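The structure under discussion appears below in the form of structure tokens.
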Amino acid sequence: MSDLPELFEATRDFPDPAAADRYGRLVGLDAVKEILHKEALVRLNLKLLKEWSRKHHGQEIAAVGYFQDRPPLFVFAGDVGTGKTQLAETFGDRLAVDTALPIALRKLTLNARGSGKVGEMTTLISSAFVQVEREARTMIKSEKRTGGIVLLIDEADALAQSRELEQMHHEDRAGVNALIRGVDHIAQEQLPVLVVACTNRLEALDPALLRRAAHTFTFTRPKKEQRKTVLQDALAGLALSSKQIEQLAVATGETDGRKYGATYSDLTQRLVPLAVLDAFPSHPLEFARLMELAQELIPTAPFGSSAG
Ligand SMILES: Nc1ncnc2c1ncn2[C@@H]1O[C@H](COP(=O)(O)OP(=O)(O)OP(=O)(O)O)[C@@H](O)[C@H]1O
Ligand SMILES: [Mg+2]
């Protein structure tokens, strides 16, 4: 599948039941999931929109024409640990199931990459687009698409910083430009590719890049109801009452002295595993101890804020 194995750090092919499970467990993102899915559907098959238009308007309305060369870029922006990466890595599964087409994930994580050598980021981005475009061209059979690719550019703030920033290095600009060129190219050729860029810092993204985004989705940390859902899911099998789940959700929320509560990942990757290890190997996991740990949990500070 990959002739340049070092380029993408993760590749995956959908359908994949493990991805379906991870997608299903994402809480508080129903609206985002629906729009993203529709965007992806019509990207792979513009005929769906035309059929819809004919059915409901008796003709192809002008609005459908705007989809023709719409840049296939989606920006996932927002707080840490709120599901950006997980959604980007898994929505391809629903698309594959719904369209009965093979969908591939190709992922680049920018913060983890590059030693800072001049031009390295730019080369990385350009090569990624070249490779994905080549692969995508094999998925076009006249009007039809026989598959699709999700190109995930994770932690894109490492690269796509505002060109307006004075201190920005010349080479970084070249990287942003490579990304913009790639997105434009995919739009022009109408390739079956969806580019997803994840970032914690929407405000630092280049305006020229943001302008191309078909959709910018904002991810936020869970409110109490959402914490309840996550905790219910994560603590299933413990026979906790809904009142106890409520207490845990309150304990992991905002306090008088702190304006933010736990992130999703604070709950799933810190609190719950900590409670399990606390009980393991000699005790059962008990509510009283869970409550103590919940009260002790210090939520991850929002991105860009230094103090709590
Ligand atoms: N909306 C959510 N519902 C349920 N669990 C979630 C949600 N968001 C995040 N999680 C949990 O937190 C973990 C980390 O999420 P993810 O890596 O997607 O965060 P992120 O938004 O990409 O964060 P970062 O900005 O730090 O990269 C997930 O594997 C999952 O366990
Ligand atoms: Mg992430």
Side-chain angles (χ1 to χ4, degrees), residues 8-10 12 14 16-37 74-94 105-114 150-161 194-205 213 215-237 245 248-249 252-253 260-277 294 297-306:
F8 296 108
E9 113 234 24
R12 191 173 299 145
F14 307 116
D16 168 9
D21 183 58
R22 292 176 69 217
Y23 180 88
R25 280 162 173 270
L26 285 169
V27 172
L29 293 174
D30 291 352
V32 174
K33 284 178 179 175
E34 290 316 307
I35 297 177
L36 182 64
H37 185 59
F74 303 90
V75 175
F76 289 8
D79 212 343
V80 293
T82 51
K84 298 181 298 295
T85 300
Q86 185 153 326
L87 181 62
E89 284 180 351
T90 58
F91 79 93
D93 177 77
R94 179 173 172 192
L105 173 74
R106 302 286 176 262
K107 178 181 172 191
L108 281 179
T109 301
L110 296 185
N111 276 340
R113 303 295 294 261
V150 175
L151 172 56
L152 168 55
I153 304 189
D154 208 3
E155 305 188 3
D157 29 343
L159 168 107
Q161 299 185 337
L194 298 147
V195 183
V196 178
C198 297
T199 177
N200 294 120
R201 298 188 303 150
L202 188 58
E203 65 290 348
L205 280 194
H215 234 106
T216 296
F217 297 102
T218 305
F219 292 62
T220 53
R221 30 184 96 195
K223 303 207 176 23
K224 191 180 81 182
E225 284 309 305
Q226 292 157 344
R227 290 195 300 274
K228 272 164 70 174
T229 308
V230 170
L231 289 166
Q232 195 117 45
D233 191 20
L235 299 171
I245 293 285
L248 288 170
T252 49
Y260 53 87
T263 66
Y264 286 101
S265 58
D266 286 337
L267 301 177
T268 62
Q269 296 184 336
R270 296 175 59 206
L271 177 62
V272 171
L274 194 66
V276 168
L277 291 181
L297 179 80
I298 298 173
T300 307
F303 194 88
S305 79
S306 44

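Indexing begins at 1, ligand by ligand and atom by atom, following the structure's order. Only a predicted model underlies this, so the values are computations on that prediction, with no experimental measurement involved.
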Checklist entry - Sequence neighbours excluded, which residues qualify as side chain to side chain contact (heavy atoms under 4.5 Å, CB included) partners of T229? => result V27
Checklist entry - Does CD1 in I298 sit with more than 12 non-hydrogen atoms of other residues, nucleotides or ligands closer than 6.0 Å? => result no
Item to check | A249: partners by side chain to side chain contact (heavy atoms under 4.5 Å, CB included), with sequence neighbours left out | outcome: K224, R227, K228, L231
Checklist entry - Side chain, backbone, both or neither: which part of N200 comes within less than 4.0 Å of ligand 1 when only heavy atoms are counted? => result side chain
Next on the checklist: I'd like to know if E34 and R94 make a salt bridge, using a cut-off of under 4.0 Å between side-chain N and carboxylate O.
Outcome noted: yes
Next on the checklist: Heavy atoms only: which of R270, Q86, Q269 lies closest to atom 28 (C) of ligand 1?
Outcome noted: Q86
Checklist outcome for this item: With heavy atoms and a 4.0 Å threshold, my read on which part of T268 contacts ligand 1 is side chain
Checklist outcome for this item: If you count every protein N, O or S atom closer than 2.8 Å to the Mg ion (ligand 2), you should arrive at 1
Item to check | Aromatic ring pairing F91/F76, orientation class (parallel under 30°, perpendicular over 60°, tilted between) | outcome: tilted
Checklist entry - Of the listed options (G83, A234, A77, G78), which comes nearest to atom 16 (P) of ligand 1 when hydrogens are ignored and any heavy atom counts? => result G83
Item to check | side-chain hydrogen bond (donor to acceptor under 3.5 Å, both in side chains) involving D21 - partner list, sequence neighbours excluded | outcome: R25
Item to check | Nearest protein heavy atom with distance in Å, relative to atom 10 (N) of ligand 1 | outcome: Y264 CB, 3.3 Å
Checklist entry - Under 4.0 Å from ligand 1, counting heavy atoms only, is it the side chain of L267, its backbone, both or neither? => result neither
Checklist outcome for this item: shortest atom 22 (O) of ligand 1-to-protein heavy-atom contact is with T85 OG1, 2.8 Å
